[in-house]
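Report on one structure; see the data block that follows.
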Amino acid sequence: MLLSSQSDGVLTLTLNRPERLNAFDDALLVALLAAVHEAAADDSVRCVVITGAGRGFGAGADLTQVLSRGDGSGGAGALGEAIREHLHTYYHPLILALTTLEKPVIAAVNGVAAGAGLSLALACDMRIAAESASFVQAFVHIGLVPDAGSTWFLPRLVGMGKAMELAMLGDRISAAEALSVGLVNRVVPDSRLAASVDALAVRLASGPRSLGLIKRAMHLSAVSDLPTQLAREEQLQGEAAETADFTEGVTAFLSKRPPHFSGR
Ligand code: T3D
């Protein structure tokens, strides 16, 4: 259901329900959240990559399961309440864990990313897409609202007008279009996805502790006015200056050698 491997400080998590394009069932969501929590606690993990097995990245909620939620009474509000509860219990902790994890997270988008599968990719810090990948705000096709953070991340990445279009029309867009609107950071040939992501992930995994603080600063900026954000930068810079990596970075510069960051 979730595959996990680690090398060179990079933890790779692979959604593994390929017969359903890695649609989320409860077990997959629980496993993914547990893996992100473990990554947070494990100093040997310095970058996380999330990808999908088979031809999909993730197709969102497993639609074979959603209508059976609720108390089975068929009573008014039962399904709505069950879906709200499901989002609250499974998706929200995952999205928050990813965005508060003070380590870089890369989505290696190997194929279609739809519904909450796309939301997952959007919650990652960077998205590298294979040329054949595609992106669908699929929610509208089944009469739902984008969830799992999509209405937060999408307008911030692509702007309000494009976000409205993608969410309201639910059209499937190519990796090239996703790149052109800023939804992904890079597009690479399918055959180069693993190697390109690995090179980026290893580079990030050898970066300083301040990568986590940069991530915190960027997320805070989305909800701050300028004076507040300046104060936050001041506080975060104070934290960064206390790290061994800051001392190493300056020492390496003055010694005219590359820095060797420990992530501390
Ligand atoms: O309580 C809650 O969980 C609420 C939370 C909701 C969050 C959400 O994510 S709602 C949105 C759910 N996702 C979707 O609506 C996407 C549904 N899938 C699609 O629209 C298409 O499958 C894709 C655009 C993703 C890909 O299309 P295509 O043509 O490349 O593949 P396909 O043939 O449609 O799918 C391949 C198989 O995967 C197929 O099964 P089969 O016929 O080979 O046995 C298909 O049924 C299955 N599949 C794809 N998506 C899902 C799925 N099975 C279950 N759930 C899916 N989401």
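No hydrogens, no waters, no symmetry mates; every other heavy atom, side chains included, goes into these values. When a ligand or atom number is given, it counts from 1 through the structure's own listing order.
For atom 4 (C) of ligand 1, the nearest protein heavy atom (residue, atom name, distance) is I83 CG2, 3.7 Å. Here the protein heavy atom with the shortest distance to atom 54 (C) of ligand 1 is D62 OD1, 3.3 Å. For atom 55 (N) of ligand 1, the nearest protein heavy atom (residue, atom name, distance) is L63 N, 2.9 Å. In this structure, the protein non-hydrogen atom closest to atom 51 (C) of ligand 1 is A59 CB, 3.9 Å. In terms of protein heavy atoms, atom 34 (O) of ligand 1 is closest to L21 CD1, 4.9 Å.
For atom 41 (P) of ligand 1, the nearest protein heavy atom is 4.0 Å or more away. Within the 4.0 Å cut-off (strictly below), no protein heavy atom is located near atom 19 (C) of ligand 1. Counting only heavy atoms, the protein never gets under 4.0 Å from atom 45 (C) of ligand 1. For atom 14 (C) of ligand 1, a protein non-hydrogen atom is found at a distance below 4.0 Å. Under the 4.0 Å distance rule, the nearest protein heavy atom to atom 30 (O) of ligand 1 falls inside the cut-off. Distance remark: protein heavy atom present below 4.0 angstrom from atom 37 (C) of ligand 1.
Taking distance alone, with nitrogen or oxygen atoms compared against 3.5 Å, L144 stays at or beyond that limit from ligand 1. On a distance-only criterion, A23 and ligand 1 share no N/O pair closer than 3.5 Å.
Per-residue contacts place A138 under 4.0 angstrom from the following atoms of ligand 1 (heavy atoms of the residue considered): 14 (C), 15 (O), 16 (C). Applying the 4.0 Å criterion to heavy atoms of H86 picks out, from ligand 1, the atoms 1 (O), 2 (C), 3 (O). Heavy-atom proximity to D147, at under 4.0 Å, picks out these atoms of ligand 1: 5 (C), 6 (C), 7 (C).
When every heavy atom of A53 is checked against every heavy atom of N22, the shortest pair comes out as O-ND2, 2.9 Å. Of all heavy-atom pairs between P93 and L87, the closest is CD-O, 4.4 Å.
Classification of R69 and E85 as a salt-bridged pair fails, no side-chain N sitting under 4.0 Å from a carboxylate O.
Panel note: side chain Q137, backbone G170; no donor-acceptor pair is recorded below 3.5 Å.
Of the options E239, E233, Q237, a side chain to side chain donor-acceptor pair (under 3.5 Å) to Q235 is made by E239 and by none of the others.
Interatomic distance, L98 CG to L32 CG, rounded to the nearest 0.5 Å: 6.5 Å. The CZ atom of R209 sits 9.0 Å away from atom NZ of K103, with the distance rounded to the nearest 0.5 Å. Within the model, atoms NE2 of H86 and NE2 of H92 stand 11.0 Å from one another, a figure rounded to the nearest 0.5 Å. A distance of 11.0 Å separates CG of L33 from CG of L2, quoted to the nearest 0.5 Å. How far CZ of R216 is from OG1 of T99: 12.5 Å, rounded to the nearest 0.5 Å. Put simply, OG on S134 and CD on E177 are 11.5 Å apart, with the number rounded to the nearest 0.5 Å.
In the candidate list R172, E85, E19, R172 is nearest to atom 28 (P) of ligand 1, counting heavy atoms. Remark: among candidates P146, G54, A114, the nearest residue to atom 25 (C) of ligand 1 is A114, based on non-hydrogen atoms. Comparing G60, A61, G143 by heavy-atom distance to atom 56 (C) of ligand 1, the nearest is A61. Relative to atom 9 (O) of ligand 1, the option among A116, A148, G56 with the closest non-hydrogen atom is A116. Of the candidates R55, R17, R69, the one placing a heavy atom closest to atom 1 (O) of ligand 1 is R69.
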Worked check of salt bridge (charged side-chain N to carboxylate O under 4.0 Å, His left out) between R20 and D25: CA-CA 10 Å; R20 293 211 173 144; D25 62 4; over 6 Å; no
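In this structure, R20 is part of the shell of residues with a heavy atom less than 4.0 angstrom from ligand 1. At least one heavy atom of Y91 sits less than 4.0 Å from an atom of ligand 1.
Heavy-atom contacts from other residues, nucleotides or ligands closer than 6.0 Å to CD of E242 number 12 or fewer.
Only side-chain heavy atoms of F139 come within less than 4.0 Å of ligand 1; its backbone N, CA, C and O stay farther off.
Among pairs with a residue in residues 115-139, those fulfilling salt bridge (Lys or Arg N to Asp or Glu O under 4.0 Å) read D125-K215, at least two apart in sequence or across chains.
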